[in-house]
Each structure stands twice: as structure tokens, then as C-alpha cells.
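Sequential numbering from 1 along the given sequence is applied to the chain's residues. In this text the structure is predicted, and so the values were computed from the model without any measurement.
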Amino acid sequence: MSNYLKLITFGLIALFAMMAINFARDIGFMVHGIIVLLVAAGMFMYTLRQTEASAFAGANPNEYADGVVRAGVIATAFWGVVGFLVGVVIAFQLAFPALNFDFLQGYGNFGRLRPLHTSAVIFAFGGNALIATSFYVVQRTSAARLWGGNLSWFVFWGYQLFIVLAATGYVLGVTQSKEYAEPEWHVDLWLTVVWLAYLAVFLGTLIKRKEPHIYVANWFYLAFIVTVAMLHVVNNISIPVSIWGSKSVQVFSGVQDAMVQWWYGHNAVGFFLTAGFLGMMYYFIPKQAERPVYSYKLSIIHFWSLIFLYIWAGPHHLHYTALPDWASTLGMVFSIVLWMPSWGGMINGLMTLSGAWDKLRTDPVIRMMVISVGFYGMSTFEGPMMSIRAVNSLSHYTDWTIGHVHSGALGWNGMITFGALYYLVPVLWKRERLYSLSLVSWHFWLATIGIVLYAASMWVTGIMEGLMWREVDANGFLVNSFADTVAAKFPMYVVRGLGGAMFLAGAIVMCYNLWMTVRRAPAKEASLSVAVPAE
């Protein structure tokens, strides 16, 4: 009976998509209609050919649902390479403007590719990493199979559809021009549906857990899922101009819109790129080090202080704007206070290696995880410092901010994700070990040197930029034009591009290593099962 309901649903979606293609008011909406039509038609045919004993329904309920985690690992590696590649392209476009090719009619220019890069790295690479690891961790720490049956597969494939719709929209100019929230209203609605399904799967698994205690990693994952849902809905409240077009009008305007946007923007960093990845840190570092968390009490303090403080920090992005001073000062104060719990988490992660520091010499995966925590500590010191109004007056709108963002995103988010992937692949594909630890070391050094080149060049050019912008002559007139600062930054932009290329090369090395692990590494003994523990 459920198959008939699915057929009706997919048929109606396909019909609506055809109407959208016919009545589309812009090329982006038409392309999105074609994509949805192809997906709905494909799912209609798949469901039509299904028998009662489908591939998913035949899964063993006494084993963990690792199929969707394996798919998430593959998607994470794939989208990571795509996102890093686009980042390298736009880095060299800034250094060499001729690379904004005219024959692409604007589709391949920096303005279109920049949001494609940020979304691919944050939401495609980072989002898939968080979904995959959270599904893996919540099962192991709850001793329960994922709740909802095939709902976890809906979350995975629904999220991939969101990524494709968002990416094609950026290239075609379908964007609402809000940082980290560029997709238009119809894509936002779809993501809301997928995200609520994600929350249901995660929360349902926690509710039916056999382990009475909720491990701290699950608190971080749950906070990330719930808060991102709230941020996404509030920041993207808009009214479509037409149901057959992608254009919409924001409900908020002026300084209110800016305030809501940076409440969202900073907490996308705080919860998507920090809280979720801290869940990853609190599970995978102890597992890889084979040591318990240094202080469980500190992890709880870390969680509650971070969750309470982070949500207030957004207004520090709006110093020297129309936002009232008290509001931006409030954001600044909470940002500075946030430094302490952040470093509490960093200390907890590093001290988990107490008694196992020798593993840094022999295990490059641990080395990768440890340096990620180091970058987390550095970024969570630099961020509060840059929120101080006097520092902000020099740093804001310069490449210093770009260096700060990338030292955090590549150093913290990237490295902890790489470490988690290196841990997960042998476990999920039942291999005794990784194909090559030497290739992990190559990845480690390529990524680390690449990040250092990237961040250092941006720090230098950012501070230089800020100083040039504020330099005045004896009569109080500005000494440098904007073009002067652009010309002065050229050498650092080349170094930035080279750093990004090294980071990309490291990710490609990782993909080869993981692929060869699945294909060539010796298999584990059959006795090592992944069964759900009995009641």
C-alpha cells in the first residue's frame, strides 16, 4: 500500500515540476524544475519496479544502519574535492582576473563561483560529514539502530538534491544574496523538510536508545541540528514574487535584516561549524587514541556555556553600522567571554591524549585530529580578538577576515573531518587497516603547509590592506586608492592560491587512499560484527 502512495506522490511532484518548467519566469527556476522532474520520474520508475523485498526493507534490523553512513562518507569525500577545487579556481581568478573567462557568459565568473565554493565546502562537504558521523555516533553510543527505517536514506538523498539545486542556482544567478544563506525560497523550503526529517531520525534514535546515558557528542550534535533549523527558518522568511519564479522578497529589511542575517551567519559558524564538529571531536579523538575523554565534567561545562554564549555573538559583525552601539557591544562582550569555554573544549580534546602522546609519532590520523583541535583553539582566540571594536576597525572588510575563516574552516573543520573519514572507512568496509599510513602523512603535510600558506598570506595582506585604507596625508586626505591596495596584494594572492592547491592535492591523496583501502586492504575477521547489542 505504501508503494502506491509513493507512486501517487512522485507522480504529483513530476506533474508540478512539468508545470514549473512550462510557466517558469527565469532560467534558474526552469533548470530546477527539470532537475526535480528527473528525480521524481526516476523515483517513480524505481518504486514501480520494486518488489515487496526491497533492498532497504531487507536490511537486518539487528545490525546498525551503516549503509547510509557509507554513502555519507563517499559524498563527503566527493563534495570536499569539488568545493576545494572551486576554491582554488576563484583564488587564482582574484590573482589573475583574466581567468574570469568571457566566453562562459558570466556563469564561470568569481561572482557566481564564490557562493558555490562556500556552500560546497560548508554545506556539501561539512554537512555530509556531520550527517554521516552523527548517524554513526548516535547508533554506537545509544546501542540502537537508526530510527525511522528508510527515513535516514531520505535525509541523505534529500540533502544531495538540496546541494545540486543550490549549486545550479548559484551558477545561474538564483540567489537571495545573504551570506551562507544564498539559496532562494523553493530550495530553502526543501531543505527545511529534509532537516526536520534529520532531526526526527536523530531524536528518534536517542529516544529508543538502550544505553541510559546520553554521551556528550550527542548533545553537541543535537544542539547543532535544532539550532540550525531555527536559524534557517527565521533568516529565510521571504515572500515569493511568483510561485513559478525563483525571486522572493525578504520580510526583514534594512538594519533589521542585517541583524537577523548576522545572528544567522555567526551562529551558522557557531553551531554548524563548531558545535557539530565538536560532537565529532568528542567521539573520534577518544576512539582513535584509545583513551577516555580527559574530563567528562569539563565536556558538560563546555557544552552548556558554548550553547548559551554563542547565540548572542552575531552583532559583532556590525560594528560601525546603523546597528545601535549597545547591540554590537553586546555581541562583542559575548564573543570575548566565549573564548574561555572554547579553550576549555580545546584543552579537553588535547588532554585526552594524556598517556598516549607517543601515538603522535606513529599515527598520522591522530596527528591530523590533534592539529585540528589546535586550529580550533587558535581560531577561537582570534575570533573574539577580532570582535573588539578597535581591532575590528582595522580587520573588518579586509582579507584578515578571510584568513581567519579559512584557518578555522580548513584547519579545524577540514582536519577533524579527514581524521574521522580515516577512522570510519576501515570500520564501515570491514578492513583491518588503512591502505597506506604513508599517504596519510603526505596528506597531513600537504594540508598543513597549505593552510599555513593560505592563512599567513591573508593575515599579511589583510593587515596591510587595513593600514593602507586608513593612511592619510598631512591634509587629512586618503593616500591610497582602492586600486592601489589591489595591486599591493598580488603576491599574497598568488601564495593563497598555491596554499589552496596544496590543500586540494592533500584531499585527492586522501580519496585515493580511502578508495584503495576499500579495494585492497585486508578484510577483518568475520567474527567482528556490527550487531546492535541485545536488550
Please step through side chain to side chain contact (heavy atoms under 4.5 Å, CB included) for the pair Ile74 and Asn128, ending with a clear verdict. CA-CA 9 Å; Ile74 294 167; Asn128 274 295; over 6 Å; no

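- Panel note: side chain Tyr493, backbone Thr461; no donor-acceptor pair is recorded below 3.5 Å.
- Without hydrogens or angle criteria, Thr274 side chain to Phe271 main chain gives no donor-acceptor distance under 3.5 Å.
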Stepwise, does the side chain to side chain contact (heavy atoms under 4.5 Å, CB included) test hold for Arg367 with Ser441? CA-CA 9 Å; Arg367 207 180 303 150; Ser441 289; 3.8 Å; yes

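- Residues that satisfy the ring-ring contact (aromatic ring centres under 6.0 Å, His included) test with Trp412, not counting sequence neighbours, are Tyr376.
- No more than 12 heavy-atom neighbours from other residues, nucleotides or ligands sit within 6.0 angstrom of CH2 on Trp442.
- Ionic pairing of Lys247 and Asp26 is not present here: no N-O contact between side-chain nitrogen and carboxylate oxygen is shorter than 4.0 angstrom.
- Residues passing the side chain to side chain contact (heavy atoms under 4.5 Å, CB included) test with Ser248, sequence neighbours excluded: Gln176, Glu184, Trp185, Ser238.
- A pairwise comparison of heavy atoms in Ala289 and Leu353 identifies CB-CD2, 3.5 Å as the closest pair.
- Distance alone, capped at 3.5 Å, places no donor-acceptor pair between the His406 side chain and the Ala455 backbone.
- For Tyr294, the ring-ring contact (aromatic ring centres under 6.0 Å, His included) test picks out no residue, with sequence neighbours left out.
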Verdict with reasoning, Trp515 to Tyr512, per ring pair (Phe, Tyr, Trp, His ring centres under 6.0 Å): CA-CA 5 Å; Trp515 169 256; Tyr512 173 76; 9.3 Å; no

Please assess Trp469 against Tyr397 for the test side chain to side chain contact (heavy atoms under 4.5 Å, CB included), listing each intermediate value before the final yes or no. CA-CA 11 Å; Trp469 285 349; Tyr397 309 115; 4.1 Å; yes

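- Nearest heavy-atom pair across Val365 and Asp363 is N-OD1, 3.0 Å.
- The distance from atom CG of Asp257 to atom NZ of Lys178, rounded to the nearest 0.5 Å, is 3.5 Å.
- A side-chain donor from one of Arg470 and Ser393 sits under 3.5 Å from a side-chain acceptor of the other.
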Donor-acceptor contacts under 3.5 Å from residues 500-508 side chains, at least two apart:
none

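- Shortest non-hydrogen contact noted between Gly419 and Met368 is N-SD, 4.1 Å.
- For His443, the ring-ring contact (aromatic ring centres under 6.0 Å, His included) partners at least two apart in sequence or on another chain are Phe418, Tyr422.
- The backbone N or O of Trp263 lies less than 3.5 Å from a partner atom in the side chain of Asn267, making a donor-acceptor pair.
- Looking at residues two or more places apart in sequence or on another chain, you find no ring-ring contact (aromatic ring centres under 6.0 Å, His included) involving Phe202.
- Contact detail for Val216 and Ser299: the closest heavy-atom pair is CG2-OG, 3.7 Å.
- In this structure, Ile301 CD1 and Ser295 OG are separated by 7.0 Å, a value rounded to the nearest 0.5 Å.
- Between the side chain of Thr401 and the main chain of His396, no donor-acceptor pair closer than 3.5 Å is present.
- For the atom pair CG (Leu467) and OG1 (Thr398), the distance works out to 9.5 Å, reported to the nearest 0.5 Å.
- Taken to the nearest 0.5 Å, the CG atom of Asn513 stands 9.0 Å off from the OG atom of Ser438.
- In terms of modelled atom types and a separation under 3.5 Å, the side chain of Thr448 and the main chain of Trp445 share no donor-acceptor contact.
- Under the side chain to side chain contact (heavy atoms under 4.5 Å, CB included) criterion, Arg389 pairs with His319, Tyr320, Asp325, Ser328, Thr329, Met332, not counting sequence neighbours.
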Return a table of donor-acceptor pairs under 3.5 angstrom between the side chains of residues 224-234 and protein atoms on other chains or two or more places apart.
unit_1 : atom_1 : unit_2 : atom_2 : d
Thr227 : OG1    : Ala223 : O      : 2.7
His232 : ND1    : Asn236 : ND2    : 3.2
His232 : NE2    : Asp188 : O      : 3.1
His232 : NE2    : Thr192 : OG1    : 3.1

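- Considering only heavy atoms from C-beta on, Met464 comes within 4.5 Å of Lys489 through its side chain.
- Looking at Asp399, its side chain never comes within 3.5 Å of a backbone N or O of Met458 through a donor-acceptor pair.
- In this structure, His316 and His266 have perpendicular ring planes: the angle between them is above 60°, well past the 30° mark.
- Counted within 6.0 Å of CZ on Arg291, heavy atoms from surrounding residues, nucleotides or ligands total more than 12; the atom is thus considered enclosed.
- Every residue two or more places apart in sequence or in another chain that forms a side chain to side chain contact (heavy atoms under 4.5 Å, CB included) with Thr133 is listed here: Tyr221, Met280, Phe284, Ala420, Leu424.
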Counting only pairs under 3.5 Å, give me each side-chain donor-acceptor contact of residues 79-101, with atom names and distances, residues two or more places apart or in other chains.
unit_1 : atom_1 : unit_2 : atom_2 : d
Trp79  : NE1    : Gln160 : OE1    : 2.9
Gln93  : OE1    : Phe110 : N      : 3.4
Gln93  : NE2    : Leu99  : O      : 3.3
Gln93  : NE2    : Gly108 : O      : 2.9
Asn100 : OD1    : Phe110 : N      : 2.8
Asn100 : ND2    : Pro97  : O      : 3.1

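- A distance of 13.0 Å separates CD1 of Ile371 from CD1 of Ile366, quoted to the nearest 0.5 Å.
- Each of Phe125, Phe375, Phe277 was checked for a side chain to side chain contact (heavy atoms under 4.5 Å, CB included) with Asn413, and the lone residue meeting it is Phe277.
- Other residues, nucleotides and ligands contribute only 12 or fewer heavy atoms inside 6.0 Å of the CH2 atom of Trp219.
- Remark: side-chain polar atoms of Asp473 are paired, donor with acceptor, to backbone N or O of Asn475 under 3.5 angstrom.
- Minimum heavy-atom separation, Gly377 to Thr380: O-OG1, 3.1 Å.
- Rounding to the nearest 0.5 Å places CZ of Arg114 at 9.0 Å from OG of Ser119.
- Distance alone, capped at 3.5 Å, is enough to place a donor-acceptor pair between the Ser305 side chain and the His302 backbone.
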I'd like to know whether Met510 forms a side chain to side chain contact (heavy atoms under 4.5 Å, CB included) with Leu421, so could you lay out the CA-CA distance, the side-chain angles of the two residues, the decisive distance to 0.1 Å, and finally the verdict. CA-CA 9 Å; Met510 177 193 72; Leu421 294 182; 3.8 Å; yes

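- For Tyr423 (side chain) and Ile285 (main-chain N/O), no donor-acceptor pair under 3.5 Å exists by modelled atom type.
- Across all non-hydrogen atoms, the minimal contact from Arg112 to Gly173 is NH1-N, 3.6 Å.
- Every side chain to side chain contact (heavy atoms under 4.5 Å, CB included) that Val486 has, sequence neighbours left out, goes to Phe482.
- Within the structure, every pair that satisfies the ring-ring contact (aromatic ring centres under 6.0 Å, His included) test and touches residues 324-369, not counting sequence neighbours, is listed here: Trp312-Phe334, Trp339-Trp343, Trp339-Phe381.
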